[in-house]
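In what follows, every chain begins at residue 1, and chains take the letters A, B, ... in the order their sequences are listed.
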Amino acid sequence: MTDTRFDPSVADGRWQRAWAQGGTFTADSDSPKPKSYILEMFPYPSGRIHMGHVRNYTMGDVLARYQKMRGFEVLHPMGWDAFGMPAENAAMEKGVHPGGWTRQNIAQMKAQLQRIGFALDWTREFATCDPEYYGHEQALFLDLYEAGLVYRKESTVNWDPVDMTVLANEQVIDGKGWRSGAEVEKRKLNQWFLKITDFADDLLEGLGSLEDWPEKVRLMQENWIGKSQGLEFSFDLSDGGKLAVYSTRPDTIFGASFCAIAADHPIAQGLASDPEVAAFIDQCKKGATTAAALETAEKLGYRAPITARHPFTGADLPVFIANFVLMEYGTGAVMGVPGHDQRDFEFATKYELPILRVVATDPARADEPFKGEAEAGDGVIVNSDFLDGMTVEAAKQAVITRAESEGWGEGRTVWRLRDWGVSRQRYWGTPIPFIHCDACGVVPVPKDQLPVTLPEDVSFDIPGNPLERHPTWKHVDCPKCGKAARRETDTLDTFVDSSWYFLRFASQPADRPFDPEEVAKWMPVQHYIGGIEHAILHLLYARFWTRALAHTGKIAVQEPFAALFTQGMVTHETYSRIDETRGVPVFFGPEEVDRTSEGATLLADGAPVEVGRVIKMSKSKKNVVDPDAIIARHGADAVRWFMLSDSPPERDLPWSDAGIEGCARFVQRLWRLFSAYDAGATGEDKGLDRKTHQTIAAVAADIEALGFNKAVARIYELTGATEKAAPSASRSSAIRALVHLAAPMMPHLAEEAWEKMGGEGLIADAPWPAVDPALLVDDEVTIAIQHMGKLRDTVTAPKGASKEDLEALALASANLQRSLDGAAVRKVIVVPDRLVNIVT
RNA sequence: GCGGGCGUGGCGGAAUGGUAGACGCCGGGGACUUAAAAUCCCCUGAGCUUUGCUCGUGCGGGUUCGAGUCCCGCCGCCCGUACCA
């Protein structure tokens, strides 16, 4: 056999063309095979594929190819989340059209993905900026409108002054815009909303059924939805008014010693004619918003000139305007129970308000003093009239029941989740299909007039919404009365685009968003893979959208993604020097640096640079490695192999040159082994047969559990064992097996080897090798011999040897006898096929 | 504060309560070569009085014949999240 090198620069393209021409990965909805839908979160077309994409898509690709070999009809599509701000930024900076810029990026990135050899069904490719796609999205939006799930209202919104658009609550992080980082302002605007809160309970309940989602993501969504149950009730105020408060601890109502209202509460606003009150309100609004600052921020209050009457005791409680009460939650007012709420405790201490005990560890300790902090824990109710002696839970219910029967309050569930504001004052998004008519009000665009397409001739030379200032686009006639009217110029949040794209992949008729029957064949997605950064936004919206469509009878599934996997980031060490004049670090890219095991030097001057922490690849730290350059140098299979090796997929993967070189070496090593394949070899090697079958079973189990790093290790082991084995029929079948095992991970190498050894058709179409259960167990096992749990010797014994035999074998060990040193044996523990432990 | 995760060689990491460190990377030694690359072989947790012994999975306890794994109490790091009443 010739021992030539595997040349990816030839083989990669060759097999990529073969798969494309053969339609190898085109999914057939009408196939009788069981279906498997493998999906990775589709990319935003920024222009370049980065290593994070490569890792994400490689994992999905291994699953897709493996499932195909296991006999599934696999749907593994790819498309583009193509609307969004960066295209408009490019338009503003470079004077290009967002559409043209996006299309060009898509073409580039598609070519990159194809060079990695992903098993994608490109016939289903689309971009969300295709009018066909967003036209159907407009139709779905109108359906939801008819179903009462879309509404419009004037509301205070989060306004990003840099991007000049509205942000959803989910997009405001620490008071700053998630994209621009600018301090978010409050503005009042007429906005479109989706009634996600109608599904709050359902979305929360549904989390329980998502067993194959990471616990972490489910908890994050649970916290985000934020269900709490309590009592809403009103205090009668001394000025004749009422003050509604909400509490999750109505059991502590007898411990209330004050009331506190938010600075923007109507009552506070009503008092703002007093300059002192106005000044205090101002002070509250300037308050810190960062986590660290809030942690230490002092509780401040302003004593309002009114009191609130306690519904049971009749006591007059002072009312404060307080900086720690939020208008957005509950009623914007609370009853202060200092004994059993830490914030109230701090506040009461500062303003010398009574701190009453109404919960104690037992009734005898009803007057025990507090130890410098509130006691929020469980216990028995004390000092509380008719509640005395009850548990916290029972008392909650008793107060709610009493309030409801007496009519001064009622049990209420409060959600942290807000309705989803989807209006964006941007050009590059899906136009919201409505028309504003002075006579008819807000009128939906008739479905036969969809899509409402974006105008091409727009300018980006000034900030704001180009649709709003376009000379003609928004001027249309009212579909109802025919009079002059105006188009809605807001576009939809791009998270709407990604809330149903998986349905369009499954089915894409021209005249409808999707065909429910086709969708039913593929949904739910069997494996959904992407970054943890979408744990709340995208994944919650997609779950909501799917439910909303199910609610309107369009589809049957409630949950779009049966299993979710969040992969780790690709990281790299950083190289930097401190700039002497400015005192800040200057970073260098990996290609500018010579890295040895001792350290790193700059190629330009040969002087050392500091090797920094291994962190997520980012442009600002210059620790980015471009996939294209690596693929050009080492081939697609080496990169794919690297993405799967070493690190468990949910953890970060540190990129290293040594690592990729090792992978490239292994590709060649496998190629040499494959080249040594001899179809005519004879003779049996039972040991190797066992190893082969054990490896096939283990690799399958590892892939199914997404333990790619472990599957990789198994393949290394079998490779080593096969290399060492003498030629035999067993060795030849081991090599054949290795080609199959490698096929999902290193598909180009596998195809090339498969062809060379005369395999039929493409290995991508071949079935996964069958396992002989008889070969999964060894006939000889290694038995550990222990004395008092410490290893003293090992011996080999036939599989299934009796306890007596194993004990005799152990006692015959010279090493064990030396350790025993004549001591009397008290007990012998024998674990069959495992170990013998002598206790003295 | 709350919630979650993690802590094992120089590094990434293996290990149903049963031989800790599989597999890979780095490093060292050797073979082949005029030489280099490639390849192949051997070594590679620490220590010691080295047929073997002792120690060793963040720290301190515990359960067990036996603990990286289970229990209790700490420490550290990472991620998420928050004056949510």
- Counting any heavy atom closer than 4.0 Å, what does A:Val337 reach on the DNA or RNA strands: base, sugar-phosphate only, or nothing? nothing
- Message: Mind checking if A:Glu661 touches a base, just sugar-phosphate, or nothing, with heavy atoms under 4.0 Å?
- Response: nothing
- Picking from A:Lys790, A:Gln786, A:His787, what satisfies side chain to side chain donor-acceptor pair (under 3.5 Å) with A:Ser819? A:His787
- State which of B:rU19, B:rC25, B:rA85 makes the closest approach to the side chain of A:Leu326. B:rA85
- Quick one: label A:Arg665 by what it contacts on the DNA or RNA (base, sugar-phosphate, nothing), any heavy atom closer than 4.0 Å. sugar-phosphate
- Taking atom types as they are modelled, is there a donor-acceptor pair under 3.5 Å from the base of B:rC23 to the side chain of A:Lys710? no
- Task: Among B:rG4, B:rC84, B:rC26, find the nucleotide with the atom closest to the side chain of A:Arg343.
- Result: B:rC84
- Task: Please measure how far the P atom in B:rA36 lies from the corresponding atom in B:rG29, and state the result in whole Å.
- Result: 14 Å
- Query: What distance, rounded to whole Å, do you find between the two P atoms, one in B:rG7 and one in B:rC25?
  - Reply: 23 Å
- Task: Look at the side-chain N and O atoms of A:Asn323 and state whether any lies under 4.0 Å from the OP1 or OP2 oxygen of B:rC83.
- Result: no
- Query: Just to confirm, is there a sub-4.0 Å distance from OP1 or OP2 of B:rC55 to any side-chain nitrogen or oxygen of A:Lys790?
  - Reply: yes
- Message: Can you check the distance between B:rG27 and B:rU19, where both ends of the measurement are the P atom (answer in whole Å)?
- Response: 32 Å
- Task: Kindly assign one of parallel, tilted or perpendicular to the pair A:Phe370 and A:Phe345, based on the angle between their ring planes and the thresholds 30° and 60°.
- Result: perpendicular
- Query: Just checking A:Arg826: base, sugar-phosphate only, or nothing, at a heavy-atom cut-off of under 4.0 Å?
  - Reply: nothing
- Look at all strands and tell whether A:Ser656 reaches a base, only sugar-phosphate, or nothing, counting heavy atoms closer than 4.0 Å. nothing
- Note on the structure: Side-chain atoms of A:Ala713 come closest, of B:rA85, B:rC23, B:rC6, to B:rC23
- Assess whether atom CD of A:Glu410 is packed by more than 12 heavy atoms of other residues, nucleotides or ligands within 6.0 Å. no
- Which part of the nucleic acid, if any, lies within contact of A:Thr794, taking any heavy atom under 4.0 Å across all strands shown: a base, the sugar-phosphate backbone alone, or nothing? base
- Does A:Arg5 make a cation-pi contact with A:Trp671 (under 6.0 Å, within 45 degrees of the axis)? no
- Item | Nearest to side-chain heavy atoms of A:Asn815, which nucleotide of B:rA82, B:rG52, B:rG12 | B:rG52
- Task: For B:rG66, take OP1 and OP2 only and decide whether either is under 4.0 Å from a side-chain N or O of A:Arg792.
- Result: no
- Query: If you check every side-chain atom of A:Tyr716, which of B:rC23, B:rG13, B:rG12 has the closest atom?
  - Reply: B:rC23
- Taking atom C1' in both B:rC43 and B:rG62, what distance in whole Å separates the two? 40 Å
- Task: Considering only atom P, compute the distance from B:rA46 to B:rC41 and round it to an integer number of Å.
- Result: 23 Å
- Message: Heavy atoms within less than 4.0 Å of RNA chain B: which residues of residues 830-840 of chain A have one? Give them sorted by number.
- Response: A:Val831, A:Arg834, A:Leu835, A:Asn837, A:Val839
- Task: Answer with base, sugar-phosphate or nothing: what part of the nucleic acid does A:Pro648 contact at a heavy-atom distance below 4.0 Å?
- Result: sugar-phosphate
- Task: Could you check A:Ser813 against A:Asn815 for side-chain hydrogen bond (donor to acceptor under 3.5 Å, both in side chains), going step by step and ending with a plain yes or no?
- Result: CA-CA 5 Å; A:Ser813 159; A:Asn815 285 348; 5.1 Å; no
- Query: So does A:Arg651 get a side-chain nitrogen or oxygen closer than 4.0 Å to the phosphate oxygens (OP1/OP2) of B:rG13?
  - Reply: yes
- Just checking A:Asn709: base, sugar-phosphate only, or nothing, at a heavy-atom cut-off of under 4.0 Å? sugar-phosphate
- Message: Taking B:rU63 as the reference, what is the distance to B:rU16 when you measure between their P atoms (whole Å, please)?
- Response: 25 Å
- Task: Give a yes/no answer on whether the side chain of A:Tyr246 brings an N or O atom under 4.0 Å of OP1 or OP2 in B:rA85.
- Result: no
- Query: Is it true that the side chains of A:Asp419 and A:Thr197 contain a donor and an acceptor less than 3.5 Å apart?
  - Reply: yes
- Would you please indicate yes or no on a ring centroid separation below 6.0 angstrom for A:Phe347 and A:Phe324? yes
- Query: B:rG9 and B:rG1: how far apart are their C1' atoms, nearest whole angstrom?
  - Reply: 38 Å
- Shortest side-chain distance from A:Tyr329, nucleotide among B:rA14, B:rC84, B:rG12: B:rC84
- Atom C1', compared across B:rG30 and B:rC23: separation rounded to whole Å: 24 Å
